[in-house]
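None of the values given here were measured: they were computed from a predicted structure. Only this structure's heavy atoms are used, side chains among them; waters, hydrogens and symmetry mates stay out.
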Amino acid sequence: MIKSKLIYILILIALILFFILFVDNASLLILILASVFPIMQIFFLFKISRNITATLTAENAAVEKNIESKIVVNITNRSILPVSCAVATLKITNTLTGEYQMLTTMMPVSADNNQSIKFSVSYAHCGKVIVTLRKIKIYDYVKLFSKNIYLDISQEVIVLPSLAHISPDIETHLTGSADNDEFSKSKPGDDCSEVFNIREYHYGDKINRIHWNLTTKLDELMVKEYSLPISSKIMILFEFCIDPSDESAFYKMDSVIETAMSLSYFMINNNISHTIRWYDKKYNVLRDMKITSTDDFSSFLGSVFSSGMYTDNYNAFMYSRIENNDMTFSHTIYISSVISDEIFHNLSVLSNTKQSSYLYINDEENTPDYFKNTDNTNAISINYKQISEGLKHFSI
């Protein structure tokens, strides 16, 4: 636009000199037209700008990271005058990591018509992404002037973690208690208040478990399997904490989330209810959700990515220890990409959990010497690039 203005000024100077050297009606008329021309451009630009509207559409409301998706900008021109050049500016912000990028494109828009442009984008890190059409800038026909049309239209895109494969042979240990009304849906037990299954008699089955009514009807010995009450919930506690000096910090944070999500999804598929807990930096509170179904899991994904990362170490652990010390768990699974001797020690002496596991997400090059199994804590180092491999050594 500066180049166009310089050219116009040079032309105008040349026309003034021409009028001075050749004083006649023709040179005067050309000079007047050249002087009025910018005013006409401003007038047309103002008229057109009042008839410009736009929409923003994300073709996918949820995508996996590093998978290409489309963002569509549609500009409508209801004026009888065409737009020679319209510039659309998008701002794409990941609310979890705080990263953002700007995308810009130029397009003409015919009179009384609309024009669409598709942006192909992929997202390097999981989280909630806000795509905002901040403004459209339109130019006059010779690019002397421009006008900004501010819109601030937004679309949300959830960038999903890549769930790591967990072997179906992973060990699961559920403890039982007769005082609990929550029962395992995957394993039988000895609580006669609820029947888990009815099956054919096997040698060694107790006589008092024979289902006599069904045995009479089928003319075959059938026995009742009783239910296993779950004494306490499993808790997955993970940190959104990053080390700002670590070049791989965001990738390790992705792996923390993916590890937590993978374990949660594995438990859902095996009918194991659990609680998942994290620290919400945005509102400075500890959040938790009970996960018992895929619907709960989807709701969790929709809310967790607005929390934001932090550099204050171990907020989730510290808040959880202070606020919920009266709650008991059969297994506390702590997942973090940062570590300290103090936190590891505190986890190993937690009084409200029967078993604890520290899943340290790192590059396996700087694992400290103190990070090793104790009587109450499993210390598991997981390479952030090989989550599935690391989880082979884990049991629930």
Side-chain angles (χ1 to χ4, degrees), residues 53-76 85-109 113-137 151-166 238 240 242 246-266 294 297-309 337 361 363 382-389 391:
T53 57
T55 59
L56 175 67
T57 306
E59 289 191 349
N60 302 102
V63 297
E64 288 190 24
K65 65 176 187 177
N66 298 318
I67 300 299
E68 192 173 273
S69 62
K70 304 291 184 183
I71 303 294
V72 182
V73 176
N74 185 77
I75 300 176
T76 301
C85 180
V87 177
T89 301
L90 292 181
K91 183 178 182 181
I92 301 176
T93 306
N94 188 316
T95 59
L96 181 60
T97 65
E99 296 175 300
Y100 72 91
Q101 60 176 315
M102 307 294 292
L103 298 178
T104 302
T105 188
M106 301 174 64
M107 69 187 87
V109 186
N113 207 332
N114 61 73
Q115 179 70 43
S116 295
I117 185 71
K118 288 186 178 182
F119 293 86
S120 295
V121 295
S122 61
Y123 310 98
H125 304 290
C126 55
K128 183 169 76 172
V129 172
I130 306 296
V131 182
T132 304
L133 177 57
R134 303 184 66 189
K135 65 180 180 180
I136 295 174
K137 178 182 284 189
L151 300 166
D152 282 333
I153 306 170
S154 297
Q155 287 280 307
E156 291 186 1
V157 178
I158 300 297
V159 184
L160 300 172
S162 302
L163 295 181
H165 172 72
I166 298 179
F238 69 94
F240 273 133
I242 61 170
D246 188 348
E247 294 181 357
S248 304
F250 286 154
Y251 294 100
K252 290 178 181 177
M253 189 69 255
D254 281 345
S255 297
V256 168
I257 299 170
E258 288 168 3
T259 302
M261 301 304 100
S262 299
L263 288 173
S264 179
Y265 197 71
F266 173 82
T294 53
F297 185 77
S298 298
S299 298
F300 165 71
L301 288 179
S303 59
V304 70
F305 290 132
S306 299
S307 300
M309 295 182 179
S337 62
I361 310 299
D363 50 19
I382 299 178
N383 189 311
Y384 74 96
K385 297 179 181 179
Q386 300 175 334
I387 299 174
S388 296
E389 186 69 24
L391 289 176

For residues 152-166, dump all side-chain donor-acceptor pairs below 3.5 Å to protein atoms at least two apart in sequence or in another chain.
residue : atom : partner : partner atom : Å
Ser154  : OG   : Thr132  : OG1          : 3.1

At what distance, to the nearest 0.5 angstrom, does [atom1] of [X] lie from [atom2] of [Y]?
X	Y	atom1	atom2	answer
Ile136	Leu151	CD1	CG	5.0 Å
Ile71	Leu133	CD1	CG	11.0 Å
Met253	Asp246	CE	CG	12.0 Å
Lys135	Thr104	NZ	OG1	8.5 Å
Ile382	Asp363	CD1	CG	13.5 Å

[X]: partners by side chain to side chain contact (heavy atoms under 4.5 Å, CB included), with sequence neighbours left out:
X	value
Ser298	none
Thr55	Asn74
Asn113	Ser110
Lys385	Asn383

May I ask you to test the [X]-[Y] pair for a side-chain heavy-atom distance under 4.5 Å?
X	Y	value
Thr89	Met102	yes
Lys91	Thr93	yes
Tyr123	Asn94	no
Ser337	Tyr384	no
Val304	Phe238	yes

Worksheet item: Do Lys128 and Ser306 meet the criterion of a side-chain donor-acceptor pair at a distance under 3.5 Å?
Response: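 Note: Lys128 and Ser306 side chains meet the donor-acceptor criterion.
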Fill in: CD (Glu68) with more than 12 external heavy atoms under 6.0 Å
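Enclosed: over 12 neighbouring heavy atoms sit under 6.0 Å from CD of Glu68.
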Output all residues satisfying side chain to side chain donor-acceptor pair (under 3.5 Å) with [X], sequence neighbours left out; order by chain, then residue number.
X	answer
Thr97	Glu99
Thr105	none
Asn114	none
Glu389	Lys392

Worksheet item: Are Leu96 and Phe240 close enough, and set up right, to give a side-chain contact (heavy atoms from CB on, under 4.5 Å), and what steps lead you there?
Response: CA-CA 9 Å; Leu96 181 60; Phe240 273 133; 3.7 Å; yes
Item to complete: With sequence neighbours excluded, tell me which residues meet ring-ring contact (aromatic ring centres under 6.0 Å, His included) with Phe297.
Response: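 With neighbours one apart ignored, the set is Tyr265.
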Discussion item. So, using ring-ring contact (aromatic ring centres under 6.0 Å, His included) as the criterion, who are the partners of Tyr251 when residues are at least two apart?
Written reply: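 So Tyr251 forms a ring-ring contact (aromatic ring centres under 6.0 Å, His included) with His125.
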Item to complete: Could I get the full list of salt bridge (Lys or Arg N to Asp or Glu O under 4.0 Å) partners for Lys65, not counting sequence neighbours?
Response: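 Checked Lys65 against salt bridge (Lys or Arg N to Asp or Glu O under 4.0 Å); matches are Asp254, Glu258.
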